[in-house]
Amino acid sequence: MFQDRLQAQLLPAVERAFTELFQQQLDGRSVSFQATRPEFEGDVTLNVFPFLKLSGKGPEQTATLIGEFLIRELPIVQRFNVIKGFLNLVIADAYWTGFLKAAQAHDLLVFPSTGKKVMVEYASPNTNKPLHLGHLRNIFLGWSVSRILEAAGNEVIKVQVVNDRGIHICKSMLAWRKFGQGETPESSGMKGDKLVGRYYVAFDKAYRAEVEGLVASGLSKDEAEKQAPLLLEAQDMLRLWEAGDPEVRALWEKMNGWVYDGFNATYARLGVTFDKNYYESQTYVLGKNDVREGLKKGVFYEKDGAVWVDNTPEGLDEKVLLRRDGTSVYMTQDIGTAIKRFEEYPGLSKLIYTVGNEQDYHFKVLFIILRKLGFAWASELFHLSYGMVDLPSGKMKSREGTVVDADDLVDEVVSEARSMGEELSKLDGFSAGEKAALYEMIGLAALKYYLLKVDAKKRMLFDPAASIDLQGHTGPFIQYTYARIQSLLRKAELLSGDHGPGATDTHALLPEEKQVLKLLHHFPAVLHEAETRLDPSSLANHAYEVVKAYNSFYQAIPVLKEEDADKRAFRLALSKVVASTTRRAMWCLGIDVPERM
RNA sequence: GGUCCCGUAGCUCAGCUGGAUAGAGCACCUGCCUUCUAAGCAGGAUGUCGUUGGUUCGAGUCCAACCGGGAUCGCCA
């Protein structure tokens, strides 16, 4: 369990209190301190209810005895009050100002190196259509988790698996060859992924027309769907692809190339990168030997000529790993790819798959299989499962054209940031290019924060109006606070006589100052939690809490206008740490912050 | 049908291994800019925490059943 610097002092003292006052051994792990609720006096609270058996006394008496002991033993405990079983401790201002000094010297959200290497897989698109809103949640989530792991001291390898082969891309290729008349991204001025996606849609349309015609001529729907000439042709093309037919391969490479150009443009705009790309056209052959090995070892078994795994002892089902004809299924290649990755990256300590929760079962089975094959690292595989994104109108359906395109969405939110910015017009001296870059930064912040602040595990509703909101609990609100502080710091430097911000402990902390300090103080614990739970939302929400408290402070307490030099220096120091910590927290979310806005 | 996830204010969401009178934002209302950036601050109103039982000193949180929503269970990917 993560201990902050305050708990590190309090916990041993509480343990001593139990040995000296009650002659009992207290298990430190069972002790939890919580922030004191605002309606009571105090900074941290110890709930003594769980320890009444140890103390052998009533709640009030137990709490009072411990409180008195802490006052004697720890200078940082200034006074206390007891309400029922709650021991509320007031921590001395000197502790908080000392904390601020430490935070000035060392970034609160940078942990020492763990020496561990972690691989995060995310994005993983198909190459037959452009990226959409669902991909955005995946991409922002995977990127943020990578950053969080880095901040927590790990080396992170970011990868994607590109699903570049299969019937879906053959459909686009076929449609392009039939109807495309040589159209290219250049000739049409269309982004490559959009162009290929258009032919995928064109295929679907023509195919359904064929199916309807066949049904009209008397076939059942099922038969029609299987016998439509276009589908047969696409399947032929897939066979030619697998046989390495030069012409099909050339077309495949050309059209995938267009898609990659389009994806790369989107990734660049979103600000994400990959250290390595895996392509299914290469990985789909993996895993067969591993499955045969498993068969030899008796981990799997043969039935009807196919190879199976029996997961009924784990409460799951039986599952085919190699078809009767010896070809592999999706699971087979995932087995092989996982093994290959741990070979390619010796010392890899964890592998995280950012994949939607509709594949929960798949990953459960995959991890069990790898464990059965005897790989020690199988326990370090993690499915970062996230919920679907729904629209107010319901589920996104490509057939019904309700899919929200990623590029369009970014355009929209950036344009909202622009009109807001123009309206407020606070950017004197900015060039057109600087303004455009700023609006881009703000728009992306709105979108990223909107998708990241919700617990990733949960299905979420995407409200287009709320996602471009720039006020309240949003990314731009946090950026705004940062820009505000930067402005303050710039002005402070202009004032003569100030030799930079410094923390002093010569004045009694105001409630607004202390509130900000307490929230900052809690930040490392939040990062730790975000890392262990692989959950950016907790970090996103805490960043909001901090800047909200800072804004209250800012609005109520003078900084530069303060005449007392010590107080002014202290408040500047506080502001500076809020800014740098906020910037780091936003970095962990993949969101940039501006110097002005 | 089996397995898994979800149900908290009008809407969208927080609520850490059980702890004090369940919190934010949006929307609605009232104040605050001759400016340390009003993309802000202060204040107002809003709850059978899906239902019913159980465990506990204490349950939004744990357990069971039920109701409602979703996912998944293929020699598909």
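Within every chain, numbering begins at 1; the chains are lettered A, B, ... in the order of the sequence lines, protein sequences first and strands thereafter. Bear in mind the structure is a predicted one, so any value in this text is a computation, not a measurement. All values below come from the heavy atoms of this structure, side chains included, with hydrogens, waters and symmetry mates left out.
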Checking all strands, does [X] fall into the base, sugar-phosphate, or nothing category for heavy-atom contacts under 4.0 angstrom?
| X | value |
| --- | --- |
| A/K458 | sugar-phosphate |
| A/A483 | base |
| A/F86 | base |
| A/N551 | sugar-phosphate |
| A/K548 | sugar-phosphate |
| A/V559 | base |
| A/P59 | nothing |
| A/M388 | nothing |
| A/N163 | sugar-phosphate |
| A/Q486 | nothing |
| A/D535 | nothing |
| A/L52 | nothing |

Side-chain N or O of [X] less than 4.0 angstrom from OP1 or OP2 on [N]?
| X | N | answer |
| --- | --- | --- |
| A/S552 | B/A42 | yes |
| A/K426 | B/U37 | no |
| A/Y480 | B/A39 | yes |
| A/Y554 | B/U37 | yes |
| A/K395 | B/A71 | yes |
| A/K491 | B/U37 | yes |
| A/R323 | B/A77 | yes |
| A/R459 | B/G7 | no |

Practice item. Using the P atoms only, state how far B/G19 lies from B/G58, rounded to an integer number of Å. Key: 14 Å
Practice item. Write down the distance separating the C1' atoms in B/C62 and B/C16, rounded off to the nearest Å. Key: 15 Å
**Study point:** Stem list, RNA chain B (Watson-Crick or G-U pairing under 3.5 Å, at least 3 consecutive pairs)
**Key:**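 The stems are B:1-7 with B:67-73, B:10-13 with B:23-26, B:28-32 with B:40-44, B:50-54 with B:62-66.
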Exercise for review: Take A/H168 and A/N163 through the side chain to side chain contact (heavy atoms under 4.5 Å, CB included) test and state the conclusion after the steps.
Suggested key: CA-CA 10 Å; A/H168 57 86; A/N163 188 0; 3.6 Å; yes
Point to revise | A/F49 aromatic ring stacked with six-membered ring of B/G19, 5.5 Å and 30° | key: yes
Exercise for review: Report yes or no: is there a donor-acceptor pair, N or O only, under 3.5 Å between the side chain of A/T45 and the base of B/A20?
Suggested key: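 Between B/A20 and A/T45, which were checked side chain against base, a qualifying N/O pair under 3.5 Å is present.
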**Study point:** Distance-only donor-acceptor test (3.5 Å): side chain A/N88, base B/A20
**Key:**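 Answer is yes: a donor-acceptor pair is held.
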**Study point:** Minimum-distance nucleotide to A/R37 side chain [options: B/A14, B/A20, B/U37]
**Key:**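 When the side chain of A/R37 is considered, B/A20 is the closest of B/A14, B/A20, B/U37.
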Practice item. Using a strict 4.0 Å threshold on nitrogen-to-oxygen distance, state whether A/D535 and A/K457 make a salt bridge. Key: no
Review point. Can a salt bridge be assigned to the pair A/K221 and A/E225 using a cut-off of 4.0 Å between side-chain N and carboxylate O?
Key: yes
